[in-house]
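Have a look at the structure below, then the notes.
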Amino acid sequence: MAALQPQQYRVVRTVKLSIVILAAGQGKRMKSDLPKVVQPLAGRPLLRHVIDAAESLQPETIDVVYGHGGDQVRSRLEGAAVGWILQAEQLGTGHAVMQAMPAVPDANLALILYGDVPLIRRETLAQLVAMAGPKAMSLLTVELPDPTGYGRIVRDAQGRVRRIVEQKDATRRELKIREGNTGVMCVPAKLLRRWLGRLRNDNAQKEYYLTDIIAMAVKEKVKVAPLVAPTVAEVLGINDKLQLAEVEAEYRRLRARELMLAGVTLADPARIDVRGELVTGRDVFIDVNAVFEGRVVLGDRVRIGPGCVLRDASIGADTQVHAHCVIESATIGRDCSIGPFSRARPTSQLADRVHIGNFVEVKNSQLGDDSKANHLAYVGDAAVGARVNIGAGTIVANYDGANKHRTTIGDDAHTGSNSVLVAPISVGAGATVGAGSTVTREVPAGKLTVARAKQVTLAHWQRPRKQAK
């Protein structure tokens with residue numbers, strides 16, 4: 001099976017790595033109560049994507065410098081294996097890195113990342129780190145058709161990086177440079193600490209620019225190794241909802257490409273959302289507008305219909321999920337038929353060759369091999385045996401208004417249409433419940449049980465009529 005998840009590699013390096021993620025910006029252009037770095041991309045905060053990329057490098061430490069909306073940032077990233085460092089006053093990128101340096105050992109390399117650059121790839125970062133060393137720093141740049149807003153990479157006649165100039169401080173000639181600064185760099189921590197102490201804020205924005213350390217490195221004859229990003233997309237920063245949507249579209253494109261290269265057939269690669277890890281077998285088909293969240297496993301020859309939502313689910317080989325189904329935290333066996341318009345709620349387990357039809361909901365229940373609930377049914381908190389037929393309109397009434405109760409249905413049992421099984425109750429193997437019955441006591445095995453009022457016809461009854469106006 002192919003997994004749509006960043007692979008974990010054993011990283012071999014001679015110098016230990018510390019990663020600092022700058023995530024203190026407010027993101028005013030988002031026009032949102034949420035801090036920028038916790039805006040959602042593919043269902044997860046922007047910062048979570050960056051942390052995942054950082055973790056894939058197996059660093060010694062990861063520290064996040066946060067500021068605006070600090071409580072929200074930390075709460076939405078609860079459980080992340082990072083150190084949290086508060087930048088109480090935002091005075092520029094250089095100032096932000098200064099706040100993190102007490103946590104970075106002198107002997108380490110320091111990799112600087114940004115919490116609003118979510119598509120950065122592990123392969124690019126690994127190459128960048130490999131280019132740095134005790135006496136060399138590396139810098140990630142990008143070639144842009146329109147570098148407006150980016151600091152420009154100033155090189156000499158031999159192509160060596162000499163400095164970075166921010167747009168507001170650039171001359172007309174420098175503004176014509178198309179190579180932009182991404183801000184991502186890997187620097188020997190001992191040198192970085194010294195250079196940060198020399199930063200000045202005598203510039204147009206009155207900020208301490210991290211980029212000013214490039215000129216310091218050049219002056220001290222420390223090698224500055226530039227790496228041009230393989231694609232523009234992976235270094236795109238996000239400042240507003242338009243850019244967020246553009247990066248979301250790129251994320252979908254990348255995920256769709258990975259799926260197709262893994263052998264999955266997509267009805268339309270532009271209309272699929274993967275918001276987590278998707279593991280697929282051979283010859284899987286996914287129709288339009290399917291959404292996958294959390295960890296989803298699709299076995300060989302699984303077919304997913306249009307408009308389905310699958311979250312933390314496992315689908316067995318040869319199973320067909322028809323249009324507009326919702327499957328959440330459930331396990332579906334082999335060769336099943338699900339939907340259309342059906343729902344499997346958390347902890348439900350369907351065995352092999354189970355049929356769940358239109359407008360059927362299964363909640364916290366187990367259905368055995370070859371069992372069916374094909375129409376308009378609710379099965380809640382039930383253990384259903386093999387070869388059971390749940391008739392149209394059958395309700396397993398599991399809730400008494402205060403507590404949930406269990407129902408057990410034996411192998412080969414049948415319930416007639418419009419039946420109600422009032423839990424707690426047991427239906428014996430081979431039993432039949434007559435259509436329209438409301439059963440509240442044990443249903444004996446192998447017997448027909450009917451529980452409904454006697455039919456009465458009132459010959460002289462008349463339907464009420466509206467009074468004439």
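Side-chain atoms are counted along with the backbone in the values below, which use heavy atoms only and exclude waters and symmetry mates.
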If you look at every heavy atom in [X] and [Y], which pair is closest and at what distance?
| X | Y | value |
| --- | --- | --- |
| Val50 | Tyr114 | CG2-O, 3.3 Å |
| Gly237 | Gln243 | O-OE1, 3.7 Å |
| Asp63 | Ala103 | OD2-CB, 3.5 Å |
| Val362 | Ser365 | CG1-CB, 3.8 Å |
| Ala100 | Val65 | CB-CG2, 3.8 Å |
| Glu250 | Leu119 | CG-CD1, 3.7 Å |

List the residues meeting salt bridge (Lys or Arg N to Asp or Glu O under 4.0 Å) with [X], not counting sequence neighbours, and say none if there are none.
| X | value |
| --- | --- |
| Asp369 | Arg353 |
| Arg311 | Glu293, Glu328 |
| Arg301 | Asp318 |
| Asp411 | none |

Is a salt bridge present between [X] and [Y], judged by a nitrogen-to-oxygen distance below 4.0 Å?
| X | Y | result |
| --- | --- | --- |
| Asp273 | Arg255 | no |
| Lys36 | Asp116 | yes |
| Glu258 | Arg253 | no |
| Glu123 | Arg121 | yes |
| Asp300 | Arg282 | no |
| Arg295 | Glu277 | yes |

[X] side chain to [Y] side chain, donor-acceptor N/O pair below 3.5 angstrom:
| X | Y | answer |
| --- | --- | --- |
| Thr124 | Glu234 | yes |
| Thr211 | Glu166 | yes |
| Asp400 | His405 | yes |

Looking at side-chain heavy atoms only, is the closest gap between [X] and [Y] below 4.5 Å?
| X | Y | result |
| --- | --- | --- |
| Asp287 | Phe285 | yes |
| Val64 | Leu47 | yes |
| Arg44 | Arg275 | no |
| Ile120 | Val235 | yes |
| Asn389 | Thr415 | no |
| Leu310 | Cys308 | yes |
| Val396 | Asp381 | no |
| Met185 | Leu140 | no |

[atom1]-[atom2] distance between [X] and [Y], expressed to the nearest 0.5 angstrom:
| X | Y | atom1 | atom2 | result |
| --- | --- | --- | --- | --- |
| Leu298 | Ile304 | CG | CD1 | 5.0 Å |
| Asn374 | Asn358 | CG | CG | 8.0 Å |
| Asn398 | Arg406 | CG | CZ | 9.0 Å |

Indicate yes or no for a side-chain donor-acceptor contact from [X] to the backbone of [Y] under 3.5 Å, with no hydrogens or angles considered.
| X | Y | result |
| --- | --- | --- |
| Thr182 | Val184 | yes |
| Gln72 | Pro35 | no |
| Arg387 | Gly385 | no |
| Arg178 | Leu144 | yes |
| Ser75 | Asp71 | yes |
| Glu60 | Val104 | no |
| Ser419 | Thr394 | no |

Result block: side-chain N/O donor-acceptor pairs under 3.5 angstrom for residues 78-95, not counting sequence neighbours:
from, atom 1, to, atom 2, distance (Å)
Gln87, NE2, His95, ND1, 2.8
Gln90, OE1, His68, NE2, 3.1
Gln90, NE2, Gln87, O, 2.5
Thr93, OG1, Leu210, N, 3.0
His95, ND1, Glu89, O, 3.3
His95, NE2, Gln99, NE2, 3.1

Q. For Thr265 and Val284, what are the C-alpha separation, side-chain angles and deciding distance, and is it a side chain to side chain contact (heavy atoms under 4.5 Å, CB included)?
A. CA-CA 6 Å; Thr265 299; Val284 169; over 6 Å; no
Q. How would you list all residue pairs meeting ring-ring contact (aromatic ring centres under 6.0 Å, His included) that involve residues 233-284, not counting sequence neighbours?
A. His49-Tyr251
Name each donor-acceptor pair under 3.5 Å that joins a side chain in residues 19-29 to protein atoms two or more places apart or in another chain, with its distance.
none

Q: For Ile286 and Val302, run side chain to side chain contact (heavy atoms under 4.5 Å, CB included): C-alpha distance rounded to whole Å, both residues' side-chain angles, the deciding distance at 0.1 Å, then the answer.
A: CA-CA 8 Å; Ile286 300 174; Val302 164; over 6 Å; no
(Q) Which residue is it: Val360, Ile395, Ile409? I am looking for the one with a side-chain contact (heavy atoms from CB on, under 4.5 Å) to Ile390. (A) Ile409
Q: Would you please name every residue forming a side chain to side chain donor-acceptor pair (under 3.5 Å) with Thr347, sequence neighbours left out?
A: Asn364
**Q.** Counterpart residues, side chain to side chain donor-acceptor pair (under 3.5 Å), relative to Thr141 (two or more places apart)
**A.** Glu179
Q: Could you go through the side chain to side chain contact (heavy atoms under 4.5 Å, CB included) check for Val247 and Leu41 one step at a time?
A: CA-CA 8 Å; Val247 172; Leu41 173 71; 4.2 Å; yes
Q.
Are more than 12 heavy atoms, taken from residues, nucleotides or ligands other than Lys363, located less than 6.0 Å from that residue's NZ atom?
A. yes
Q. Around atom CZ of Arg257, are there more than 12 heavy atoms of other residues, nucleotides or ligands at under 6.0 Å?
A. no
Q) In chain order, what residues pass the side chain to side chain contact (heavy atoms under 4.5 Å, CB included) check against Ser32, with sequence neighbours excluded? A) Met30, Leu34, Gln39, Lys241
Could you pull out all donor-acceptor pairs under 3.5 Å where a side-chain atom in residues 330-343 meets a protein atom, sequence neighbours excluded?
from, atom 1, to, atom 2, distance (Å)
Ser337, OG, His322, NE2, 3.1
Ser342, OG, Gly339, N, 3.1

Name each donor-acceptor pair under 3.5 Å that joins a side chain in residues 421-440 to protein atoms two or more places apart or in another chain, with its distance.
from, atom 1, to, atom 2, distance (Å)
Ser437, OG, Gly434, O, 2.8
Ser437, OG, Ala451, N, 3.0

(Q) Using side chain to side chain contact (heavy atoms under 4.5 Å, CB included), reason through Val296 and Asp312 one step at a time and then give a plain yes or no. (A) CA-CA 5 Å; Val296 176; Asp312 294 317; over 6 Å; no
